[in-house]
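Numbering starts at 1 and runs along the sequence shown.
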Amino acid sequence: MTPSNNPSRAWHVFTASADVEPEKSVVVVEVCMTELDRVNARSFFRRKGDENSDSAGKEMTRLSGVDMINANAFICDFAFDPCGYSMNGVDGDRYSTIHVTPEDGFSYASFECGLSLYDDGHGDISEVLTRAIDVFRPDCVSVATTYGGEDYNHEVTKRVERVLAKKLGLKCRSRLMDEFPGSGTVVFQSFTPRRK
């Protein structure tokens, strides 16, 4: 378990390893967002007359801007009744998944993706995070970045902090790094609004 400075938040990390050399450096980014923007969260409520969960899911994907996080991805989306959303997207060797609970007072969204450490024409981690977070505009964000093998890059961690500061005015309140022999490194960052 990777703790944070906030006693109500902790990150449970499970790892496994195999003797396989990946063709390129890939990171897994897991983002937990709470206190979503109320206006943006409205996109994840079913509307009267929605035919079924599949067509409603496609409409939520389009209205919310989820389809622009990775415009090349093949997306399988689903709307829950009366509200909520789930999505899986695939673009070559990249994947993403989103789950949303939009109700005011306990709104939550998670975003996970696997992407290259280096911009391979799809955008780097800061661009992907900017697009994903722009869909939800949360007040609190936790980011866990998992690097395989020896791929840990401190500059990527700093880019995440700069993006959240610039885009949302969030300050990194805690940053922890744990190395897991044979599996890689996990960096956990927790962000909340800057004090006024």
For this session: Determine, for Arg62 against Asp67, whether the closest basic-nitrogen to carboxylate-oxygen distance falls under 4.0 angstrom.
Result: no
For this session: Say whether Met177 and Val141 are linked into one hydrophobic cluster, either directly or through other cluster members, by side-chain heavy-atom distances under 4.5 angstrom.
Result: yes
Problem set entry | From Cys83 atom SG to Arg47 atom CZ, the distance as rounded to the nearest 0.5 Å | 11.5 Å
For this session: Give a yes or no on whether the backbone of Asn40 and the side-chain of Asp37 come within a donor-acceptor separation of less than 3.5 Å.
Result: yes
Seminar exercise, completed: Tightest non-hydrogen contact, residues Arg131 and Ile69, listed as NE-O, 2.8 Å
Exercise. Do any N or O atoms from the side chain of Ser107 and from the backbone of Leu36 form a donor-acceptor pair under 3.5 angstrom?
Worked result: yes
Exercise. Between Leu170 and Thr192, is a side chain to side chain contact (heavy atoms under 4.5 Å, CB included) present by the stated rule, with each step listed?
Worked result: CA-CA 5 Å; Leu170 298 177; Thr192 58; 5.6 Å; no
For this session: Kindly indicate, with the supporting measurements, whether the criterion ring pair (Phe, Tyr, Trp, His ring centres under 6.0 Å) is fulfilled by Phe106 and Tyr108.
Result: CA-CA 6 Å; Phe106 51 91; Tyr108 172 84; over 10 Å; no
For this session: Group every Ile, Leu, Val, Met, Phe, Trp and Tyr by side-chain heavy-atom contacts under 4.5 Å, then state whether Val187 and Leu164 land in the same group.
Result: yes
Exercise. Taking C-beta and beyond as the side chain, do Cys140 and Met33 meet within less than 4.5 Å on heavy atoms?
Worked result: no
Problem set entry | Non-hydrogen side-chain atoms of Thr145 and Phe188 separated by less than 4.5 Å | no
For this session: Any chance you could measure Asp77, atom CG, to Met60, atom CE, to the nearest 0.5 Å?
Result: 9.5 Å
Problem set entry | Mutual orientation of the aromatic rings belonging to Tyr85 and Phe44 [parallel < 30°, tilted 30-60°, perpendicular > 60°] | tilted
Problem set entry | Connected via hydrophobic side-chain network under 4.5 Å: Ile133 and Val29 | yes
Exercise. Mind checking whether Ser126 and Arg159 have side chains closer than 4.5 Å, heavy atoms only?
Worked result: yes
Problem set entry | Atom CZ of Arg162 with >12 non-hydrogen neighbours under 6.0 angstrom | yes
Exercise. Does Pro102 reach the side chain of Phe45, with side-chain heavy atoms less than 4.5 Å apart?
Worked result: yes
Problem set entry | Side-chain donor-acceptor contact under 3.5 Å, Glu112 with Tyr95 | yes
Exercise. Is the closest side-chain donor-acceptor distance between His99 and Ser110 under 3.5 Å?
Worked result: no
For this session: Could you tell me whether a side-chain N or O of Arg137 sits under 3.5 Å from a main-chain N or O of Val135, the two making a donor and an acceptor?
Result: no
Exercise. Hey, does Lys58 have a side-chain heavy atom less than 4.5 Å from the side chain of Ser55?
Worked result: no
Exercise. Any side-chain heavy atom of Phe136 within less than 4.5 Å of one from Ile98?
Worked result: yes
For this session: Answer yes or no: is there a donor N or O on one side and an acceptor on the other, between the side chain of Ser142 and the main chain of Cys32, under 3.5 Å?
Result: no
For this session: Take Gln189 and Thr157 through the test side chain to side chain contact (heavy atoms under 4.5 Å, CB included) and record every step on the way to the result.
Result: CA-CA 8 Å; Gln189 297 163 280; Thr157 301; 3.4 Å; yes
Problem set entry | From CG (Leu129) to SG (Cys113), nearest 0.5 Å | 6.5 Å
Problem set entry | Student check: side-chain heavy atoms of Asp139 and Thr34 closer than 4.5 Å | no
For this session: Could you tell me the separation between the OG1 atom of Thr61 and the CD1 atom of Ile75, rounded to the nearest 0.5 Å?
Result: 5.5 Å
Problem set entry | Among Arg173, Lys171, Glu161, the one residue meeting side chain to side chain contact (heavy atoms under 4.5 Å, CB included) with Phe191 | Glu161
For this session: Given side chain to side chain contact (heavy atoms under 4.5 Å, CB included), test Val186 with Leu176 step by step and report yes or no.
Result: CA-CA 8 Å; Val186 175; Leu176 298 163; over 6 Å; no
Problem set entry | Residues Phe111, Val100; criterion side chain to side chain contact (heavy atoms under 4.5 Å, CB included); working and verdict | CA-CA 9 Å; Phe111 171 72; Val100 182; over 6 Å; no
For this session: Measure the CG-OG distance between Asn70 and Ser96 for me, rounded to the nearest 0.5 Å.
Result: 6.5 Å
